[in-house]
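Notes to accompany the following structure.
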Amino acid sequence: MKTSWRSASLVASAAAVLALTTACGQDSPPAASQNVGATAAPGDYGSIGSGTAGAGAATGQPAAPSPSSPSNPAGKLSVSTAEKVGKVVTDSLGLTLYRFDQDTEQPPKSNCDGDCAKTWPPVPADDAEAGEGIDKALLGSVTRADGTKQLTVAGWPAYRYAKDVNAGDVKGQGVGGKWYALAPDGKKAQGGGAGAGADGGEAVQAGLSTRNDPKLGEIVIDKNGMTVYRFKKDEAWPKPVSNCSGECLEKWPLVEPVDFADTKGIQEKGYMIFDRTDGTGKQQTINCSPIYTFAGDKAPGDTNGQGVGGTWYAVRPDGKLVGASEK
């Protein structure tokens with residue numbers, strides 16, 4: 001019996017859907033799907049707060065930026081010792097200087113502009129000078145997109161943090177798993193904390209792994225020990241779709257692709273990478289669900305994003321939400 005081209009096409013389409021369904025760890029498609037749009041409403045992704053978040057959203061707001069304003073000169077730089085962080089570079093006011101993992105040091109380039117630069121004001125290169133403990137040869141400058149000169153330390157562009165208002169504050173340490181205080185040699189200041197190895201260097205940790213949280217149980221963390229989250233308004237079936245973009249991504253940075261060989265304790269089924277539709281690149285999933293970190297988590301072990309807006313939750317190794325249903 002001869003099979004028509006139309007019948008063959010239908011059979012092939014059905015097979016493709018079945019394959020994708022199996023890959024995403026779903027036995028059958030959901031009964032109904034809601035399209036919530038490409039950008040979540042402000043109330044859905046919450047504010048960056050501090051402390052432990054429960055069912056409610058974190059509500060803290062950045063402090064007045066005057067001490068860390070880019071109009072304030074760096075002055076004479078010095079070295080201070082911060083608890084649990086170690087030696088850090090500070091400006092003439094005693095404010096901690098930071099570096100951003102998405103910048104480059106060879107050649108120096110800043111990738112923090114717009115709203116990012118409001119939260120992380122660039123440190124002006126003018127008038128910056130080496131004080132005690134600072135190697136003058138490591139100081140330099142980079143021209144930003146707006147034409148201003150930004151201070152660099154060992155090639156890394158230097159920033160202040162808007163929430164640091166007092167000398168000695170290190171509230172920016174570990175934020176988003178991408179911001180770290182500058183050590184005098186330009187490396188990340190991590191002292192004897194979770195990010196340091198026995199020899200004082202950076203510890204080797206899997207790109208994605210798990211830890212046992214005393215309140216949440218076994219949860220997924222990234223290479224910096226930062227908690228990984230899911231957004232309930234994202235979609236995993238029939239293909240991953242992120243509904244967090246723009247300002248949302250400032251608060252909930254996406255987890256970039258991690259080779260499965262660089263994971264520990266993570267479920268392989270549905271572990272995949274997808275192309276985002278907002279042009280921000282590729283994003284990692286667990287069980288086909290897009291994953292993120294939280295800018296309000298300041299240090300490894302923080303879970304300030306748990307329950308924010310009733311839509312953000314930590315992730316279990318199988319990709320399921322912690323403390324919430326999938327509906």
Side-chain angles (χ1 to χ4, degrees), residues 48 50 62-63 65 67-70 72-105 108 110-112 116-125 128-135 138-140 142 150-197 199-203 205 222-226 253 293-302 304:
I48 299 175
S50 59
S68 55
S69 169
N72 290 338
K76 182 174 288 188
L77 305 181
S78 59
V79 178
S80 299
T81 300
E83 185 179 0
K84 297 182 180 181
V85 177
K87 292 184 178 181
V88 300
V89 179
T90 57
D91 66 9
S92 59
L93 297 177
L95 294 175
T96 304
L97 304 191
Y98 297 88
R99 50 172 276 181
F100 184 31
D101 277 0
Q102 291 187 346
D103 287 348
T104 59
E105 86 282 16
S110 168
N111 289 305
C112 177
C116 175
K118 294 178 182 177
T119 303
W120 302 92
V123 178
E129 59 179 295
E132 185 176 354
I134 303 294
D135 184 352
L138 295 181
L139 302 185
V142 62
Q150 180 176 358
L151 175 68
T152 61
V153 179
W156 287 99
Y159 305 82
R160 299 182 180 105
Y161 183 42
K163 282 189 176 182
D164 285 353
V165 294
N166 299 309
D169 282 351
V170 284
K171 297 177 181 178
Q173 177 71 358
V175 167
K178 296 179 180 179
W179 291 92
Y180 295 90
L182 270 164
D185 59 1
K187 295 181 179 179
K188 301 176 187 178
Q190 294 187 330
D199 61 355
E202 293 180 24
Q205 180 170 314
D222 71 3
K223 65 180 180 181
N224 298 306
M226 306 304 291
T293 53
F294 181 43
D297 285 346
K298 301 178 180 64
D302 284 354
N304 298 321

side-chain hydrogen bond (donor to acceptor under 3.5 Å, both in side chains) partner of R160, the single match among D169, D91, T96:
D91

Do Y161 and W179 make a side-chain contact, defined as non-hydrogen atoms from C-beta onward lying under 4.5 Å apart?
no

Decide yes or no for V153 and L139: does some side-chain heavy atom of the first lie under 4.5 Å from some side-chain heavy atom of the second?
yes

To the closest 0.5 Å, what do you measure between [atom1] ([X]) and [atom2] ([Y])?
X	Y	atom1	atom2	value
N72	L95	CG	CG	8.5 Å
K178	C112	NZ	SG	11.5 Å
K187	E105	NZ	CD	11.0 Å
R99	S110	CZ	OG	13.0 Å

Name all residues meeting the side chain to side chain donor-acceptor pair (under 3.5 Å) criterion together with Y180; count only those two or more places apart in sequence or in a different chain, and write none if there are none.
N224

Closest contact, heavy atoms only, [X] versus [Y]:
X	Y	result
V175	A295	CG1-O, 3.0 Å
S78	I134	O-CD1, 3.9 Å
A154	D185	CB-O, 3.4 Å
G176	P253	CA-CG, 4.5 Å
M226	P300	SD-N, 3.6 Å
L97	L77	CD1-CD2, 4.0 Å

Checking Y159 side chain against F100 main chain: does a donor-acceptor pair fall under 3.5 Å?
no

Test side chain to side chain contact (heavy atoms under 4.5 Å, CB included) applied to A128 - qualifying residues, sequence neighbours left out:
A74, L151

